[in-house]
Engineer: 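Okay, here's the structure, questions in a sec.
The chains referred to below are lettered A, B, ... by the order of the sequence lines, with proteins before strands, and numbering in each begins at 1.
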Amino acid sequence: MLAPDLLRAEKPKQEAERVLHALEHTEEGVVMRFAPNPSGPLHLGHARAAYLNDYYVRRYDGHYVIRIEDTDPRRVEPENYGLLLDDIDWLGLKVGEIVYQSDRMDIYYEHCRRLIELGGAYACMCDAAYFRDLKLEKKACPCRNQTIEENLDLWDRMLEGEFCEGMITVRVKTDLEHPDPAMRDFSIFRIVDAPPHPRVDARVYPMYNFSVVVDDHLLGITHVIRGKDHIANTRRQRYIYEYFSWNPPVFKHYGRLSIGGVVLSTSAIKEGIVSGAYTGWDDIHLGTLKAIARRGIEPDAVRKAMIDIGMGETDITFSWENLFAQNKAIVDPKANRYFFVPDAVMLPVADAPAHIAEAALHPNEPERGVRRLLFEGSVILPKGEIEGRTMVRLKDLFNVNVAWEGERPALTYAGESLEEARKAHAPIIQWLPPGQARDCTLKTPEGDIEGYCEEAASRELNRVVQFERVGFSRIDSVAVDLVTAYFAHR
RNA sequence: GCUGCUAUAGUGUAGGGGCCAAUCAUGUCGGCCUUUCACGCCGACGACUGGGGUUCAAAUCCCCAUAGCAGCACCA
């Protein structure tokens, strides 16, 4: 006979995490970054970038820089910084340091001056639309021929506040003959008059492609993993690396991840919150991390789902199914079991003796204990489950016969024999004693399900439980007269 | 329109000339276990976008077609 604990030890089953391709050029260490901008909370799309970088940072024991890209005052709202930090915390990244681009304006200014001195950039006072037309015809604008001194002078005057928004910009000299119009003399600085930046007193702002190159270089970033929407940016950035004679990091671009069934757009979310269509950033219909956290999805499930997706350059559709499967594997061993009765009816059970049912908190771990449910004459049942039946078994209690007098069911005690219930193909269903039932709303993306749950489930606030035969759910709030739970998955 | 990237089962992935009548996960279906339609176990189903070419040999290399996507901002 085998010892029971030996049997248990035999199923480690911890599936090996997927191994992604190795990174090139890791000999001198790995420094990577996750670079969100604080225009709204993080969603599943961000999680891919965050976890893919995190994966390699951990694998190579590297350094992870979280860089908040807040160089557009119009897209920065002060409260978003906190939201962002919460999300990063939730993800559980191996954070090495957090830097804010808005703290580094002087660095960008200084490097812009150097770039102009190197002959790599010029101040352009052309109208944006006019410039675009020239660019498409591969023609230089008049400003392109200014001397370095003239450009430095204009740059100084820009910083001194001599120009208004839209009057002037700084452009990198690239190749006007470049077959891709997107590469030709792109802009690296602009002026924004309003609104003021919440963290820094500035009017001259670096554009993405400039601040990123300067930061990636100065922060020693060795590898960059980002979406393929940045592929053109990478090419543009190479011009700047070239001028400064810097070694660019290794770039990797993954394909587009389309996430169905959920709202991701920050602007749409904001509108929805204002109009009342959504309750907040964590509304169940959203794809924000806050929303999926509220639904009882664990960060590690997201991590695994994202690592499984990997770095493919193909466009893919995000699979909730796979995410739920990962989450179930994490949550099933921990979640205590309770009854939740939707579509409820209360019915007396004729001829039944009083009884105390003992239902395991977790069937695979009896040592966790039981819930005691006191049967005293009547039960609350899911009506749909007894319709058309002549016998059901109330789980952990006893069998009942169901008699139908037209629409009205009448229940009679039918003994405790499990074998009989099996023989009769009676389904084993959840039930509640009226004295231990709490009103419970189960929130799902498809709508609210009203019902009752066990009183004891109200002690599981903020935890994921399994409502037996219904699915895994997170107990979201417990009020005197109502328990609210968020449905995660079956 | 211009530039570029990609194309393996329902979904996601592995495979980068022969070991591939193609891996793993998920899903679906069937069975076992079980006082949950959970977990676990067993089994089945299911794919190389199409057409040319190179080669003794192509999912793998080349070309064309098709499809999808991205960029072409004084956003990030």
Engineer: Counting only side-chain nitrogens and oxygens, does A:R235 get under 4.0 Å of the OP1 or OP2 atom of B:U3?
Structural biologist: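 Checking B:U3 against A:R235, no side-chain N or O comes under 4.0 Å of OP1 or OP2.
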Engineer: Ignoring backbone atoms, test whether A:R190 places a side-chain nitrogen or oxygen under 4.0 Å from the OP1 or OP2 oxygen of B:C75.
Structural biologist: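 Checking B:C75 against A:R190, a side-chain N or O does come within under 4.0 Å of OP1 or OP2.
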Engineer: Can A:D332 and A:R337 be counted as an ion pair, charged N to O under 4.0 angstrom?
Structural biologist: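 Looking at A:D332 and A:R337, the cut-off is met.
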Engineer: Is a side-chain donor-acceptor pair under 3.5 Å present for A:Y338 with A:E460?
Structural biologist: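 A:E460 vs A:Y338: donor-acceptor pair found between side chains.
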Engineer: Given B:U26, B:U35, B:U36, identify the nucleotide with an atom nearest to the side chain of A:E321.
Structural biologist: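 Nucleotide nearest to A:E321's side chain: B:U26.
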Engineer: Side chain of A:R469 only, heavy atoms from C-beta on: which candidate in B:A76, B:C37, B:C5 is closest?
Structural biologist: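 Within the option list, the nearest is B:C37.
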Engineer: Is any N or O donor-acceptor pair between the side chain of A:Q326 and the base of B:U26 shorter than 3.5 Å?
Structural biologist: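 Check fails, no donor-acceptor contact within cut-off.
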Engineer: What is the distance from CD of A:Q237 to C1' of B:G4, rounded to the nearest Å?
Structural biologist: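 Going from A:Q237 (CD) to B:G4 (C1'), I get 16 Å.
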Engineer: Among B:A76, B:U35, B:G71, which is the nearest nucleotide to the side chain of A:A182?
Structural biologist: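 For the A:A182 side chain, the nearest candidate turns out to be B:G71.
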Engineer: If you measure from the P atom in B:G12 to the same atom in B:A44, how many Å do you get, rounded?
Structural biologist: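 Per the computed distance, 25 Å lies between those P atoms.
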Engineer: What nucleotide, of B:A70, B:C37, B:U13, holds the atom closest to the side chain of A:I309?
Structural biologist: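 So the nucleotide nearest the side chain must be B:U13.
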Engineer: Suppose you measure atom C1' in B:G46 against the same atom in B:A38; what distance do you get, rounded to whole Å?
Structural biologist: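 Taking atom C1' in both B:G46 and B:A38, they lie 26 Å apart.
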Engineer: Apply salt bridge (Lys or Arg N to Asp or Glu O under 4.0 Å) to the pair A:E365 and A:R368, showing each step before the final yes or no.
Structural biologist: CA-CA 6 Å; A:E365 264 178 70; A:R368 245 191 248 192; 3.2 Å; yes
Engineer: Heavy-atom nearest nucleotide on RNA chain B for A:H21 versus A:R132: which residue maps closer to 5'?
Structural biologist: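 Going by which nucleotide is closer to the 5' end, it is A:H21.
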Engineer: As a test of reading the structure: which of B:U6, B:A38, B:C37 is closest to the side chain of A:E313, going by heavy atoms?
Structural biologist: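 Nearest to the side chain of A:E313 among the choices is B:U6.
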Engineer: Please report whether the ring centroid of A:F339 lies less than 6.0 Å from that of A:F467.
Structural biologist: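 No, the ring of A:F467 stays outside the 6.0 Å limit from the ring of A:F339, centre to centre.
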Engineer: Considering only atom P, compute the distance from B:C48 to B:U11 and round it to an integer number of Å.
Structural biologist: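 Pairwise P distance, B:C48 against B:U11, rounds to 13 Å.
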Engineer: Begin with the C-alpha distance, continue with both residues' side-chain angles, and end with the deciding distance and a verdict on side chain to side chain contact (heavy atoms under 4.5 Å, CB included) for A:V200 and A:D103.
Structural biologist: CA-CA 7 Å; A:V200 65; A:D103 290 341; over 6 Å; no
Engineer: Taking CG from A:L397 and C1' from B:U36, how many angstroms apart are they, rounded to a whole number?
Structural biologist: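 Atom-to-atom, A:L397 to B:U36, this comes out as 15 Å.
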Engineer: What's the closest nucleotide to the A:D308 side chain, out of B:A38, B:G12, B:G71?
Structural biologist: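 Between B:A38, B:G12, B:G71, the one nearest the side chain of A:D308 would be B:G12.
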Engineer: On a whole-Å scale, what distance lies between the P atoms belonging to B:G30 and B:U66?
Structural biologist: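 Result for the P pair: 44 Å, nearest Å.
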Engineer: It should be established whether A:R256 places a side-chain nitrogen or oxygen under 4.0 Å from OP1 or OP2 of nucleotide B:A70.
Structural biologist: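 Yes, because at least one side-chain N or O of A:R256 sits under 4.0 Å from OP1 or OP2 of B:A70.
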Engineer: Will you find, in the side chains of A:H230 and A:Y208, an N or O donor that is under 3.5 Å from an N or O acceptor?
Structural biologist: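 Yes, side-chain donor-acceptor contact under 3.5 Å.
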Engineer: With a 4.0 Å cut-off on heavy atoms, is A:P38 in touch with a base, just the backbone sugar-phosphate, or nothing at all?
Structural biologist: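 The residue A:P38 makes no contact with any strand.
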Engineer: Return the pairing partner of B:G18 with a 3.5 Å limit on both distances, Watson-Crick or G-U wobble; otherwise return none.
Structural biologist: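 With both distances under 3.5 Å, B:G18 matches B:C56.
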Engineer: Find the distance A:R236:CZ to B:G4:C1' and express it as a whole number of Å.
Structural biologist: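 Nearest whole value for this atom pair: 13 Å.
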Engineer: What does B:G40 pair with, Watson-Crick or G-U, if both distances are under 3.5 Å?
Structural biologist: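 B:G40 is paired with B:C32.
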Engineer: Using the C1' atom on both, measure B:A9 against B:C69 and round to a whole Å.
Structural biologist: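 Here B:A9 and B:C69 have their C1' atoms 22 Å from each other.
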Engineer: Between B:C5, B:U36, B:G12, which one does the side chain of A:K228 approach most closely?
Structural biologist: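 When the side chain of A:K228 is considered, B:C5 is the closest of B:C5, B:U36, B:G12.
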Engineer: Using the P atom in both, what is the distance from B:G52 to B:A57, to the nearest Å?
Structural biologist: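 Looking at atom P only, B:G52 and B:A57 are 15 Å apart.
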Engineer: Does a side-chain N or O of A:K328 approach OP1 or OP2 of B:C39 to a distance below 4.0 Å, or not?
Structural biologist: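 Yes, because at least one side-chain N or O of A:K328 sits under 4.0 Å from OP1 or OP2 of B:C39.
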Engineer: Which of these nucleotides, B:G71, B:U36, B:A73, is closest to any side-chain atom of A:S187?
Structural biologist: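 From the listed options, B:A73 comes nearest.
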Engineer: How are the rings of A:F398 and A:F375 set relative to one another: parallel (under 30°), tilted (30 to 60°) or perpendicular (over 60°)?
Structural biologist: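 Perpendicular: the ring planes of A:F398 and A:F375 meet at over 60°.
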Engineer: Would you mind classifying the nucleic acid contact of A:L418 as base, sugar-phosphate or nothing, using non-hydrogen atoms under 4.0 angstrom?
Structural biologist: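 Base, at least one base heavy atom under 4.0 Å.
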Engineer: Side-chain atoms of residues 387-396 of chain A: list all donor-acceptor pairs with protein atoms under 3.5 Å, sequence neighbours left out, distances to 0.1 Å.
Structural biologist:
| from | atom 1 | to | atom 2 | distance (Å) |
| --- | --- | --- | --- | --- |
| A:R393 | NH1 | A:N399 | OD1 | 2.7 |
| A:R393 | NH1 | A:E416 | O | 3.1 |
| A:R393 | NH2 | A:E416 | O | 3.4 |
| A:K395 | NZ | A:E468 | OE1 | 3.0 |

Engineer: Quote, to the nearest angstrom, the P distance that separates B:C64 from B:G71.
Structural biologist: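 The same atom, P, in both gives a distance of 25 Å.
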Engineer: With a 3.5 Å limit on both atom pairs, tell me what B:G50 is paired to, counting Watson-Crick and G-U wobble, or say none.
Structural biologist: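 In the structure as shown, B:G50 has B:C64 as its Watson-Crick or wobble partner.
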Engineer: Distance check: side-chain N/O of A:R171 vs OP1/OP2 of B:C74, anything under 4.0 Å?
Structural biologist: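 Yes, within the criterion.
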Engineer: Can you tell me the Watson-Crick or wobble partner of B:G1, both distances under 3.5 angstrom?
Structural biologist: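 B:G1 is paired, partner B:C72.
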Engineer: Please confirm whether the shortest side-chain N or O distance from A:R18 to OP1 or OP2 of B:A14 is below 4.0 Å.
Structural biologist: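 It does, given that an N or O in the side chain of A:R18 lies less than 4.0 Å from OP1 or OP2 of B:A14.
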Engineer: Can you tell me the Watson-Crick or wobble partner of B:A25, both distances under 3.5 angstrom?
Structural biologist: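 Looking at the geometry, B:A25 pairs with B:U11.
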Engineer: What integer distance in Å separates A:Y208:OH from B:C72:C1'?
Structural biologist: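 Going from A:Y208 (OH) to B:C72 (C1'), I get 16 Å.
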Engineer: Between A:A325 and A:M207, which has a closest nucleotide on RNA chain B that is more 5'?
Structural biologist: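 First, find each residue's nearest nucleotide; the 5'-ward one identifies A:A325.
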Engineer: A:T314 side chain N/O closer than 4.0 Å to the phosphate oxygens (OP1, OP2) of B:C69?
Structural biologist: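 A:T314 to B:C69 OP1/OP2: no side-chain N or O under 4.0 Å.
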Engineer: Just how far, in rounded Å, is C1' of B:G12 from CG of A:D315?
Structural biologist: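 These atoms are roughly 14 Å apart.
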Engineer: The side chain of A:K135 is closest to which nucleotide in this list: B:C37, B:A73, B:U11?
Structural biologist: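 Closest nucleotide among those given: B:A73.
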Engineer: Between A:T317 and B:G12, is there a side-chain N or O to OP1/OP2 distance below 4.0 Å?
Structural biologist: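 Yes, A:T317 has a side-chain N/O under 4.0 Å of OP1/OP2 on B:G12.
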Engineer: Starting at CG of A:L136 and ending at C1' of B:C72, how long is that distance when rounded to a whole Å?
Structural biologist: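 A:L136 atom CG is separated from B:C72 atom C1' by 8 Å.
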Engineer: Can you tell me which nucleotide in B:U11, B:C74, B:A38 comes closest to the side chain of A:N322?
Structural biologist: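 Given the options B:U11, B:C74, B:A38, the side chain of A:N322 is closest to B:U11.
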Engineer: Identify whether the distance between the nearest side-chain nitrogen and carboxylate oxygen of A:K328 and A:E298 falls below 4.0 Å.
Structural biologist: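 Salt bridge between A:K328 and A:E298, a charged N being under 4.0 Å from a carboxylate O: no.
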Engineer: Between A:R393 (CZ) and B:U34 (P), how many Å, whole number?
Structural biologist: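 Atom-to-atom, A:R393 to B:U34, this comes out as 14 Å.
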Engineer: Reckon A:C164 touches a base, only the sugar-phosphate, or nothing at all at heavy-atom distances under 4.0 Å?
Structural biologist: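 Nothing: the residue A:C164, judged by heavy atoms under 4.0 Å, touches no strand.
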Engineer: How close or far is atom P of B:U34 from atom CG of A:D396, stated in whole angstroms?
Structural biologist: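 After rounding, the reported distance stands at 15 Å.
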